[in-house]
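Have a look at the structure below before the remarks.
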2 protein chains.
Amino acid sequence: MITFTEENYLKNLLLLSMEHEGVSVLMLSKKLGIKMPTVTSMMKKFAVKGFVNFSPYKQITLTASGKSEALLVLRKHRLTETFLTRVMGIGWEEVHSIAEQIEHIQSPLFFGKMDEMLHYPETDPHGEPIPTKEGVLIQQPKMRLSACRVGETVRLTGVNDSSKEFLTFLNSKGLKPGVRGKIEHVEPYDSSLTIICGDRKEVLSKTIADKVLVELM
Amino acid sequence: MITFTEENYLKNLLLLSMEHEGVSVLMLSKKLGIKMPTVTSMMKKFAVKGFVNFSPYKQITLTASGKSEALLVLRKHRLTETFLTRVMGIGWEEVHSIAEQIEHIQSPLFFGKMDEMLHYPETDPHGEPIPTKEGVLIQQPKMRLSACRVGETVRLTGVNDSSKEFLTFLNSKGLKPGVRGKIEHVEPYDSSLTIICGDRKEVLSKTIADKVLVELM
DNA sequence: TTAATTTGTTAGTCTAATCTAACTTTATTA
DNA sequence: TAATAAAGTTAGATTAGACTAACAAATTAA
Ligand SMILES: [Mn+2]
Ligand SMILES: [Mn+2]
Ligand SMILES: [Mn+2]
Ligand SMILES: [Mn+2]
């Protein structure tokens, strides 16, 4: 039996290892908001359980078993977010904190029904891919809006930050996955960027444009 | 902040106090499947928190504050069960164990949406009333099928036991809330009862008929 | 009304998950 | 390369929630 706490460690370990080759105790500690000694002792426990490869002062890597458990939690998280927006009509800026709790429900039947009702969705409301039941995760390449050039037409596909604050800000600019826009201007001085989406023209700082993911059209 | 564990104690304390005036440590211990000393120490904690009135060797009673917290948990449980059956199409024999987990989710928004999608339901799939947001619980009088007499026509309104095993058994007899039937025979020897529902004729032992709740038509 | 049974409490132990303080190892910088 | 800083570990404490064993109170039966 995997506990609530263990599921959180596993999921965040997976998220970190998708961005970096080898995860440090410090990174995981910061991600979870848990002090380093606590993380160290959990990693020792995980090594015994066979979820990670870990020896003192070395990087942490997930084993096949740890990764498959982690993928299941990530699947439950993203499936839930999709369900909350598509079926229940909850805003994409609100779903993360609810999914953070529901991802720990133990009921294959419940998540199976979700999947069925959503017709086996492939991405969550933030544009992130949903791991399959078999534990397969297809990572599509991500391009930052900040990397686009003047004149390019893009489609918003995702975000780098699912916090309520950031998503509420994007809502206020009319930006969400699926929206198309054309880069009108990039200011050389501060790299801020002007984008035209439908009848709206918005200026986005580099900080923002770094967190918005797009595909070229 | 009320924990997962505390919510379970509160809800079960409420359920017991709806049937008995004053709850004993033993009763709560049996209901929760937790040993008596553990229950005693939790009740001491609850007394300090102001959730219960409790002094050694006396009965436990919920305070107004404890009752209102308990009603909120019961509301989340029953709302969830209703959502799982009506929106997600999960069988009434499966929903209890899932609701047992989801009732601990902390998100008024989530439960508010559920309520809205279900058009503010008043009873759960087992026929139990759902406490209102304001903490009002309307207990309709319950009549046992075993108390009915030959010739009476009844409507199944609820059950006394929401275990998967029992509900699966009722499913096999075609019995669920809303179904109507006529008592054809009551066997004096063992109080078993024969009921006609539509084109089916079923014989139910007293054990079963005691757990099936009906209203006379 | 005494004895037996049931119910309840106290005391002490355990595990999971967290923390802080102190120390050690590794990496960086002067 | 030696000093400093950053990252990581060890040791020990804490809290929540559970347990068992032993004892005490209340209830029931003889
Ligand atoms: Mn979580
Ligand atoms: Mn997401
Ligand atoms: Mn529960
Ligand atoms: Mn129910």
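Treat the numbers as computed from the prediction; the structure is a model and nothing was measured. Chain letters run A, B, ... following the sequence lines, proteins first and then strands; every chain starts at 1.
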For a quick test of reading the model: is some side-chain N or O of T40(A) closer than 4.0 Å to OP1 or OP2 of dT9(D)?
yes
side-chain contact (heavy atoms from CB on, under 4.5 Å) with V39(B): of L13(B), L26(B), V25(B), only one passes, and it is V25(B)
What nucleotide among dA18(D), dG8(D), dG8(C) has an atom nearest to a side-chain atom of M42(B)?
dA18(D)
Spacing of E7(B) atom CD relative to dA16(D) atom P, expressed in whole Å:
17 Å
Are side-chain heavy atoms of L28(B) and N12(B) found at a separation under 4.5 Å?
yes
In whole Å, what is the span from the CD atom of E6(A) to the P atom of dT18(C)?
10 Å
Using a strict threshold of under 4.0 Å (side-chain N to carboxylate O), is an ion pair present between E128(B) and R78(B)?
yes
Which ones in residues 9-18 of chain B lie close to DNA chain D, meaning a heavy atom under 4.0 Å from one of its atoms?
Y9(B)
Whole angstrom value for the distance that separates P of dT14(D) from NZ of K35(A):
18 Å
Interatomic distance where CD1 belongs to I60(A) and P belongs to dA7(D) [whole Å]
14 Å
Residue mapping more 5' on DNA chain C - nearest nucleotide basis, I34(A) or K30(B)
K30(B)
Interatomic distance, F4(B) CZ vs dA16(C) C1' [rounded to whole Å]
15 Å
Stepwise, does the salt bridge (charged side-chain N to carboxylate O under 4.0 Å, His left out) test hold for K142(B) with E215(B)?
CA-CA 8 Å; K142(B) 294 173 181 179; E215(B) 71 182 13; over 6 Å; no
Counting side-chain heavy atoms from CB outward, which of dT9(D), dT9(C), dC19(C) is closest to Y57(B)?
dT9(C)
Give a yes/no verdict on a cation-pi contact between K44(A) and F54(A), requiring under 6.0 Å between NZ or CZ and the six-membered ring centre and an angle within 45° of the axis.
no
Rounded distance (Å) that lies between atom P of dT7(C) and atom CD of Q59(B)
12 Å
Atom pair distance, as rounded to whole Å: CE in M27(B) and C1' in dG8(C):
14 Å
Proximal nucleotide (of dC19(C), dG8(D), dT9(C)) relative to the M36(B) side chain:
dT9(C)
Nucleotide nearest S24(A) (side chain, heavy atoms from C-beta), chosen from dT9(C), dG8(D), dC19(D):
dG8(D)
Between dA24(D), dC19(C), dT10(C), spot the one nearest the side chain of P37(A), thanks.
dC19(C)
Among the nucleotides dG8(C), dT10(D), dG8(D), whichever has the atom closest to the side chain of K44(A) is dT10(D)
Are I208(A) and F166(A) close enough that some pair of their side-chain heavy atoms sits under 4.5 Å apart?
yes
Donor on one side chain, acceptor on other, D124(B) and W92(B), under 3.5 Å
no
If I take atom CE in residue M1(A) and atom P in nucleotide dA18(D), what distance separates them, rounded to the nearest angstrom?
16 Å
Can you work out whether L26(B) or T38(A) has the more 5'-proximal nearest nucleotide on DNA chain C?
L26(B)
Within the 4.5 Å heavy-atom criterion, are E103(A) and R75(A) side-chain neighbours or not?
no
Within the structure, does a side-chain N or O atom of T3(B) lie under 4.0 Å from either OP1 or OP2 of dG17(D)?
yes
